[in-house]
There are 2 protein chains.
Amino acid sequence: MKVDVKKFDFQSEKILGSLSPMDKELFLKSGDELTFKKKKLIFYEGGIPTGAFLIQEGRAKIYKTGLDGKDQIFYVYNKGDLLGYHALLCNEKYEDSCEALEDCKVLFISESKFHHLLEQIPNLKLLLIQNMSHEFGVLVNTITVLAQKPLRERLALYLLILNERYRSEDTDIILPREDLANIVGTARESLGRLLKEFREEELIEIDNKIIRIKDPAKLQKIASSEYV
Amino acid sequence: MKVDVKKFDFQSEKILGSLSPMDKELFLKSGDELTFKKKKLIFYEGGIPTGAFLIQEGRAKIYKTGLDGKDQIFYVYNKGDLLGYHALLCNEKYEDSCEALEDCKVLFISESKFHHLLEQIPNLKLLLIQNMSHEFGVLVNTITVLAQKPLRERLALYLLILNERYRSEDTDIILPREDLANIVGTARESLGRLLKEFREEELIEIDNKIIRIKDPAKLQKIASSEYV
DNA sequence: AATAAAGTATAACAAATATCACATTTTTTT
DNA sequence: AAAAAAATGTGATATTTGTTATACTTTATT
C-alpha cells in the first residue's frame with residue numbers, strides 16, 4: 001500500500017485558515033512580530049511557555065535532545081503554521097525545543113492573549129481540538145515509521161515529506177545533513193552513504209546542501225516497501 | 001538526568017476526573033456498556049469512528065500494523081482511560097487499532113452523544129484540549145526514545161512504565177512477549193535475550209508471562225543511560 | 001487427561017547500522 | 001583573499017540487532 005505523505009503533515013495552517021476573515025484579523029492583531037535569525041532558539045525544552053507562535057516567514061525545526069546529546073527532529077514547521085501551544089495549554093514546561101532553520105518572521109501571541117482569543121472566538125477551541133486530534137495521528141505514524149522501517153525506506157519517505165514541506169515556497173530541500181540525519185533517525189555518516197546511493201540510482205540530485213527529488217514515483221515505492 | 005515515567009503517561013483518566021460530579025454523571029449516563037473478550041478488536045486502523053470509549057475494566061493496547069505485518073504498540077490503556085476520540089474529532093479514519101489485552105468492560109459513547117456532551121459540558125472542550133496537549137508531549141517523548149535509545153535502555157524504561165500502568169490494579173506486568181517486543185520496538189528473540197540478562201542481573205523476576213520488577217532503582221539508572 | 005496449539009527459549013549466523021579516524025570541501029570570519 | 005571553522009565524504013571496523021531453525025513449555029481444546 002502506498003504511503004500517504006499527507007499523514008505526516010500537521011496541517012497547522014488549517015487552524016487560522018478555517019477562521020472567518022473577521023476572527024482571523026482579530027487573531028492576527030493579537031500578536032507581536034518577532035524576528036529569529038537562522039539557528040536561534042524560539043523556545044526550548046524545559047522552559048516555561050509564555051505564548052504561541054505563528055510562522056510568517058521561514059522554517060523551524062521541533063526537536064528533542066537525547067541524553068547522549070543527539071537531537072531527534074520530529075517536525076519541520078513552515079510558513080503559516082501555528083506552533084508552541086501544546087505546553088501552553090496543558091500548563092507544562094516545553095517538552096521539546098524549536099530552532100529557526102532559516103531567518104524567521106514570527107507572530108508571537110502571548111499566553112493571556114491566546115486564552116482571551118479562545119474565549120472571544122468560540123470556534124477556536126474546536127479547531128484546536130480538531131488539529132490536535134489530527135496531530136495525534138501524525139505522531140503515531142511517525143513512531144511506527146521510525147520504529148519499524150529500515151533506513152532506506154525512512155529516508156525515501158522523509159525526502160518526499162520534506163519535498164512537500166519545502167515546495168510551498170519555491171525551493172528544493174535545503175537543510176544540513178546533520179538535521180536530515182536527525183529527522184530520519186540515523187547517523188550523519190550512514191545518511192551520507194545512502195544519499196550517495198540514491199544519487200547513483202538517479203532518484204535525487206545533490207548540489208551541496210540542496211537535494212532535488214528526481215524520481216518521486218520510485219522514492220514512493222521505496223518508502224512503501226515495494227521496491228528493493 | 002533521571003527519566004520521568006510520568007512523561008509517558010497520557011493521564012487520560014484526568015478528563016473524567018476533572019468534571020464536576022454532576023457533569024461526570026451526565027457523561028457516564030450517555031454511554032452504553034460493552035464487553036470485549038481478550039484479543040477482541042475495539043476499533044481498527046482504516047475504520048470509520050462511531051464513538052469514543054471509556055475503559056471500566058481491563059486493559060487495551062493501541063497499535064499500528066506496519067507493512068511487514070509487525071505491530072508497533074504505542075500505548076497500553078488502563079481502567080479509567082478515555083480513548084478513541086482523536087479520529088472522531090478530526091473526522092478522519094482511525095489511524096491505529098485497539099485490541100483488548102484482557103477481558104474488558106467498556107463504556108461506549110456514540111459520536112452524536114459525544115458531540116452533544118461537548119456542548120452540554122462547557123468545560124469538556126478545554127479538558128480535551130489540555131489532555132491532547134499533554135498527549136502530544138508523551139508521543140514526542142516516545143518518538144525520541146524509540147529513535148535514539150539502545151534496546152537495553154528502552155526495555156528498562158518500558159518495564160518501569162508498564163509497572164506503573166499495571167500497578168494501579170494490583171498485578172505485576174503480565175503480557176505476551178510478542179506484545180512487549182512490539183512496545184519496546186524489537187524482535188521477540190532479542191527481547192527474550194535481554195529479559196534473561198535482566199533476570200540474571202537480578203533486576204527482574206520472571207514467572208512465565210509475569211514479569212516482576214525487583215530493582216527499580218537500577219532499572220531507572222539503565223533507562224537514564226547512567227549505567228552500563 | 002490427552003492432544004493440539006500457542007507461546008517461549010536458545011544458539012548460530014547474517015545483516016544493518018553506528019563509530020572512528022581522517023581527507024576533503026564548503027562556508028564563515030578576519 | 002586568506003585563514004579558520006564548520007560541514008561533509010569515505011573506508012575500515014565494531015557493535016547491535018534481526019533472522020533462522022529447532023527444542024522446549026505452557027495454555028487451550030476436545
Side-chain angles (χ1 to χ4, degrees), chain A residues 37-40 61 66-73 99 101-103 145-156 158 173-200 204-211 222 225 228, chain B residues 37-40 61 66-73 99 101-103 145-158 173-200 204-212 222 225 228:
Chain A
K37 282 269 170 203
K38 186 174 168 173
K39 298 204 181 175
K40 289 294 172 200
K61 63 177 176 184
L67 291 162
D68 54 354
K70 212 172 79 181
D71 290 343
Q72 178 63 38
I73 300 175
E99 184 187 306
L101 285 169
E102 310 156 7
D103 291 353
V145 165
L146 287 175
Q148 290 202 345
K149 276 192 184 295
L151 180 52
R152 188 177 165 80
E153 297 178 16
R154 274 176 0 237
L155 178 58
Y158 275 107
I173 300 167
I174 172 167
L175 80 174
R177 292 286 186 278
E178 181 101 43
D179 281 342
L180 184 51
N182 289 340
I183 290 173
V184 175
T186 189
R188 200 174 36 78
E189 294 89 336
S190 302
L191 171 73
R193 260 189 288 265
L194 249 184
L195 281 177
K196 190 178 152 196
E197 281 185 38
F198 276 17
R199 194 193 42 193
E200 285 165 358
I204 58 173
E205 251 171 39
I206 300 177
D207 183 4
N208 291 335
K209 281 209 212 306
I210 298 172
I211 298 172
I222 294 171
S225 323
V228 194
Chain B
K37 282 270 171 202
K38 187 173 169 176
K39 300 205 180 173
K40 288 294 171 198
K61 63 178 176 183
L67 290 163
D68 53 355
K70 211 171 80 183
D71 290 343
Q72 179 62 37
I73 300 176
E99 184 188 307
L101 284 169
E102 310 155 8
D103 290 354
V145 165
L146 287 175
Q148 290 202 345
K149 277 194 184 293
L151 181 52
R152 188 179 165 80
E153 298 178 17
R154 292 201 312 265
L155 177 57
L157 174 59
Y158 275 106
I173 300 167
I174 172 168
L175 78 174
R177 292 286 186 278
E178 181 100 42
D179 281 341
L180 184 51
N182 288 342
I183 290 173
V184 176
T186 190
R188 220 194 40 231
E189 293 87 342
S190 304
L191 171 73
R193 258 194 301 256
L194 252 183
L195 280 176
K196 189 179 153 195
E197 281 185 37
F198 276 16
R199 195 192 43 194
E200 284 166 358
I204 57 172
E205 253 171 38
I206 299 178
D207 185 4
N208 290 336
K209 280 209 215 305
I210 298 171
I211 298 173
R212 194 168 299 116
I222 294 171
S225 323
V228 192

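Just so we're on the same page: letters track the sequence lines, and every chain starts at 1. We use all heavy atoms of the structure for the numbers below, so side chains are in, but hydrogens, waters and symmetry mates are not.
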For the [atom1] atom of [X] and the [atom2] atom of [Y], what is their distance to the nearest 0.5 Å?
X      : Y      : atom1 : atom2 : result
B:D68  : A:Q148 : CG    : CD    : 5.5 Å
B:K61  : B:I183 : NZ    : CD1   : 8.5 Å
A:L175 : A:I210 : CG    : CD1   : 11.5 Å
A:K39  : A:K37  : NZ    : NZ    : 13.5 Å

In whole angstrom, give the distance that lies between atom [atom1] of [X] and atom [atom2] of [N].
X      : N      : atom1 : atom2 : result
B:N182 : C:dG7  : CG    : P     : 12 Å
A:L194 : C:dA16 : CG    : C1'   : 11 Å
B:D179 : C:dG7  : CG    : P     : 9 Å
B:D207 : C:dG7  : CG    : C1'   : 15 Å
B:L195 : C:dG7  : CG    : C1'   : 14 Å
A:L146 : C:dT17 : CG    : C1'   : 15 Å

(message) Let me spell it out: for each of B:K196 and B:K209, pick the nucleotide of DNA chain C with the closest heavy atom. Which residue's pick is nearer the 5' end?
(response)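 With B:K196 and B:K209 compared, the 5'-side residue is B:K209.
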(message) If the helix axis at each end comes from five base pairs, how far does the helix from C:dA1-D:dT30 to C:dT30-D:dA1 deviate from straight, to 10°?
(response)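 The angle separating the two end axes equals 60°.
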(request) For each nucleotide in nucleotides 19-26 of chain C, reading 5' to 3', give B when a protein heavy atom comes within less than 4.0 Å of its base, S when such contact involves only the sugar-phosphate, and - otherwise. (result) BB-----S
(request) Taking all heavy atoms of A:A181 and all of A:L191, pick out the closest pair and write down the distance. (result)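 Smallest interatomic distance, heavy atoms only, reads N-CD2, 3.6 Å.
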(message) One pair to check against side chain to side chain contact (heavy atoms under 4.5 Å, CB included): B:I211 and B:I204. What are the steps and the verdict?
(response) CA-CA 7 Å; B:I211 298 173; B:I204 57 172; 4.2 Å; yes
(request) Quickly, which of B:L180, B:L194, B:L151 forms a side chain to side chain contact (heavy atoms under 4.5 Å, CB included) with B:T186? Name it, please. (result)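 One option only clears the test, and that one is B:L151.
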(request) State, yes or no, whether a side-chain contact exists between A:D71 and A:N182 at a heavy-atom distance under 4.5 Å. (result)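 Of all side-chain heavy-atom pairs linking A:N182 with A:D71, at least one is under 4.5 Å.
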(message) I want to check something: taking the side chain as every heavy atom from C-beta on, are B:L155 and B:L195 in contact at a cut-off of under 4.5 Å?
(response)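 A side-chain contact under 4.5 Å exists here.
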(request) At the 4.0 Å heavy-atom cut-off to chain A, mark where contacts on DNA chain D begin and end, going 5' to 3'. (result)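 Result: D:dA7 to D:dA12.
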(request) Scan B:K149 against the nucleic acid and name what it touches under 4.0 Å (heavy atoms): base, sugar-phosphate only, or nothing. (result)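 No contact at all - B:K149 keeps every heavy atom at 4.0 Å or more from the nucleic acid.
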(message) Tell me if a side-chain donor or acceptor on B:R154 pairs with a main-chain N or O of B:V184 at a distance below 3.5 Å.
(response)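 Such a contact is found between B:R154 side chain and B:V184 backbone.
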(message) If the threshold is 4.0 Å, N to carboxylate O, is there a salt bridge linking B:D103 and B:K38?
(response)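 Here B:D103 does not pair with B:K38 in a salt bridge, since their nearest N and O are not under 4.0 Å apart.
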